[in-house]
Amino acid sequence: MNYEILSSQSIKVNLDKKDLQKYNLLYSQINKDNAKTKFMFMDIIEKIEFETGTALADKSLYLELLPTKNSGCLIYISFDTEDDTNENGENEYIYFFDNIDNLFKMAHDFSPINSLFKCNSSLYHNDIGFFLIISFDTKYMRFLKSYLTKITVPISSGEINSSYVKEHYSCISSESTIDRLTEIV
């Protein structure tokens, strides 16, 4: 087992086939009702707590598992926090667009208000659509969330999900995406 601390709110754990065998598990057997699965997660969390000094047992944890080519798995662990702020104190949300036309419609609708605030935005793509990651200062949070949910629904929030998107999807624009889109529409 090896792990990587992605941020103050997320950890990526990599288990290979031997790690899973130690717990008498295959990836296909991992589920929340399986006693072996529960033991495995408790053991992993205990090891991470011991090695890093990070208290995880008393927090709400969100887990996302993905199979790997070596018959192991990746586990993304996200900690429940008071809010969805990233390390810069900004709120971070992911919005999904199923096609480019809807993304351009959002940019068109957004252009009159874009100059009122500054936000960091990046755009990623996979086979099913486009993922716009937006980070913004808390003073604009309610306004922006309200505005954007009229256009599309946020699919997730917090750093663990954006870390996953950044690692596994194709980057189209890594910064100032909304500024760039509003300039061309």
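The structure presented is a predicted model; accordingly, all values stated were derived computationally and were not measured.
- Under the 4.5 Å side-chain contact rule for hydrophobic residues, F50 and L56 do not share a cluster.
- Counting heavy atoms from C-beta on, the side chains of L123 and R180 never come closer than 4.5 Å.
- Considering only heavy atoms from C-beta on, Y3 stays 4.5 Å or farther from I75 through its side chain.
- In this pair, H168 and Y76 present their aromatic rings perpendicular. The plane angle is above 60°, beyond the 30 to 60° band.
- Counting heavy atoms from C-beta on, the side chains of L20 and M40 come closer than 4.5 Å.
- A donor-acceptor pair under 3.5 Å is absent between the side-chain atoms of D179 and the main chain of T182, judged by distance alone.
- A tilted orientation is assigned to the rings of F96 and F131, their planes being inclined by 30° to 60°.
- Residues T37 and Q29 fail the side-chain proximity criterion, which asks for heavy atoms closer than 4.5 Å.
- Surrounding CD of E49 are more than 12 heavy atoms belonging to other residues, nucleotides or ligands, all under 6.0 Å away.
- The shortest side-chain heavy-atom distance between N120 and E175 falls under the 4.5 Å cut-off.
- Under the 4.5 Å side-chain criterion, counting only non-hydrogen atoms from C-beta, Y27 is in contact with L65.
- Distance check: L25 CG to N31 CG gives 9.0 Å after rounding to the nearest 0.5 Å.
- Taking each heavy atom of Y23 and K36 in turn, the nearest pair found is O-CD, 3.8 Å.
- You'll find the side chain of L66 reaches within 4.5 Å of the side chain of Y164, heavy atoms only.
- Side-chain atoms of D19 come within 3.5 Å of backbone atoms of D16 as a donor-acceptor pair (strictly under, hydrogens ignored).
- Under a 4.0 Å N-O distance rule, the pair K105/D101 does not qualify as a salt bridge.
- Open room surrounds NZ on K17; 12 or fewer heavy atoms of other groups in view lie less than 6.0 Å from it.
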